[in-house]
Number of protein chains: 2
Amino acid sequence: MAQTFVTAEEVAKRAGVSRSAVSRTFNGGSVSKSVRRKVLKAAGELGYRVNRLAQGLMSERSNLIGVVGANLSSPFISRQLDLLSIGLLRRGLQCLLLNAADARKDIAPLIELLFEFRAQAIIVLSGEPPTSIIDECIANGVRLILINQRLDRTDTSMVLSDDSHGAELAAMRLVKADCKKVVVVSSSSQTPSQVRRANAFSQRMGIEGIEVVAWSGGPTSYGSGYKAACELLSDKTIDGAFCVTDLMALGFLDAARLEMGRRVPEDLSVVGFDDIPQASWKSYQLTTVAQPLDDLTDKVLTALDSDETETRLQVVSVFMVERTTAR
Amino acid sequence: MAQTFVTAEEVAKRAGVSRSAVSRTFNGGSVSKSVRRKVLKAAGELGYRVNRLAQGLMSERSNLIGVVGANLSSPFISRQLDLLSIGLLRRGLQCLLLNAADARKDIAPLIELLFEFRAQAIIVLSGEPPTSIIDECIANGVRLILINQRLDRTDTSMVLSDDSHGAELAAMRLVKADCKKVVVVSSSSQTPSQVRRANAFSQRMGIEGIEVVAWSGGPTSYGSGYKAACELLSDKTIDGAFCVTDLMALGFLDAARLEMGRRVPEDLSVVGFDDIPQASWKSYQLTTVAQPLDDLTDKVLTALDSDETETRLQVVSVFMVERTTAR
DNA sequence: TTGAAAGCGCTAACAC
DNA sequence: GTGTTAGCGCTTTCAA
């Protein structure tokens, strides 16, 4: 257990060169063929690995990117994390993952921890960092990237999908399905995204002169969608539903069909949001608004790269995926 | 951008004490009340954060735990990662996540990278590290923890669920359902877990004298399960199926019912493995073998703690979850 | 309890 | 091209 890694000094000694020759060999400095070969040989025999901690200490570049988020096992977020971690690795960046499950409301301590590791940038998948923390990021030159979080400041990068437009797409789709009375269901967590979607939807329906009842409760889950349908569909006049996430839509769909005896889409049209993999499963075939996650990921990585105060706010466009749950 | 973090030296200067007094204040060393107060005050005003990189340089404890895995957005793995990242954080450990998506077959470079960050331990969610790397872990005192990977060595920690027993449970369940000819479906990725499950199942069925045809193909996905059912169920005599993962089972189920016109469980009994959230969704209600993930996570964290060559191999027990897809 | 000094493993500026 | 030297920010003896 107490074994310790080989240092550059030991390699230098074995190769019969100076400590800096070793350093240069591993950092693309100029070294003669012969020295390089000797160093590589000695390093190989000894099992030498550069110490990135020490390296980062000097260059003040840790290569660490902090990622904080909650709900990491939800289909949507997990895909986001999957793509993000691949993208980071490809760019030679390391991903320091902090699960915000225990800190839903206050992710400040998590971000502070990331400071201590001298993370070069911090990506927030969910949760809203307090202003003081944002200021501290800027003061210390740590780039902050917020996903699906819209703040009223110009000094932090935000990547968000076009929730309002998506919700309008959903609204228009239900109009097209000739719905007379619709419901919009969201969770009680009231994330900014969900709120924007629900509001934009209601507003649009208002303009169209269609009655909408809003329901919200529980976590953002299949179960909450299920519950929503059970409670709402005793009202036989409801003929349309917009669930602000697919996960809820799927639960809603199951309860509507299997519990409340509705035929979809004949009696009831349902539209979701996100386009998670399960939405395309044969039992569901959910009509939904897609957020292209690869695009979102690209934009996050772009924000990471941009050295200066470039594109502060990037929005990823959404589109309707037509399947079978809307008439 | 070029701003830099405050150092302990600056704090010391402002507080009018020595550099070491600052260090002691933040590490529970013995300091007088008054000094501690002065230091804390100065640190607060300056926005000081200890530099863990430098800290780890001295103490040779980085506090970083490397996690490598692929398929991070699959329901099963993502849940695993979710629980794991929570558990690590609770123990004051940081999670350095490396996505093995690009390196399915060879995770060696990823682990080497983790060496460079002086990770204290490495947790491998998927993929099998080459022997040379394992040796290097040991040589450097890096604890290695393999999940659902059984190696024939006594010097590395392994946590695996009882695949064979689970498969036998599945077999017995299909026997109880009075199946005459069954199929076992797995993916073409042939992970050790899947192989163990498929083999144990076939073997058991052999003992019971029941004919079993093995199918494998595609990635471990809904789509592959779907495809399996389409190809297999043209044989009308098949009346039972064991899918080695729930994801495949769900696809199988959908194709069986919606594409191949089977009634489940009347004509066909289906059993899965894992018990992912979707297995309990109303449209599926899949009878399956559950792997208790919180237990698995606990065991991984235990392996992390155990300072010495303690429990090298821990197996988490599985159990049958009875729902509606087996007669 | 406190400060001075040494050193963790590395890189970079400087001479040679 | 190569070695020497001086730190990076921190912890940790060692005296005081």
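Because only heavy atoms are used, hydrogens play no part in the values below, and waters and symmetry mates are left out as well, while side chains stay in.
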Task: Any donor-acceptor pair under 3.5 Å from Ser161(B) side chain to Asp163(B) backbone - done: no

Open item on the list: Determine whether a donor-acceptor pair (N or O, by modelled atom type, separation under 3.5 Å) exists between the side chain of Arg143(A) and the backbone of Ala303(A).
Closed with: yes

Task: Asn140(B) side chain vs Val142(B) backbone, donor-acceptor pair below 3.5 Å - done: no

Open item on the list: Need two values: the first and the last nucleotide of DNA chain C, 5' to 3', having an atom under 4.0 Å from any heavy-atom of chain A.
Closed with: dG9(C) to dA13(C)

TODO: If a protein heavy atom is under 4.0 Å from the base, mark B; if only from the sugar-phosphate, S; if neither, -; do that for nucleotides 8-16 of chain D going 5' to 3'.
DONE: BBBBB----

TODO: Please name all residues satisfying ring pair (Phe, Tyr, Trp, His ring centres under 6.0 Å) with Phe76(B), sequence neighbours left out, ordered by chain then number.
DONE: none

Open item on the list: Looking at Ser18(A), I'd like to know whether one of its side-chain N or O atoms comes within less than 4.0 Å of OP1 or OP2 on dT2(D).
Closed with: no

Open item on the list: Donor-acceptor pair, distance only, cut-off 3.5 Å: does the side chain of Glu10(B) make one with the backbone of Thr7(B)?
Closed with: yes

Task: Arg49(B) charged N/C atom sitting above Phe5(B) aromatic ring, 6.0 Å / 45° - done: no

Open item on the list: Strictly distance-based, threshold 3.5 Å: is any side-chain N or O of Gln314(A) a donor or acceptor partner for the main-chain N or O of Lys299(A)?
Closed with: yes

Task: Any donor-acceptor N/O pair, Asn27(B) side chain to Ser23(B) backbone, under 3.5 Å - done: yes

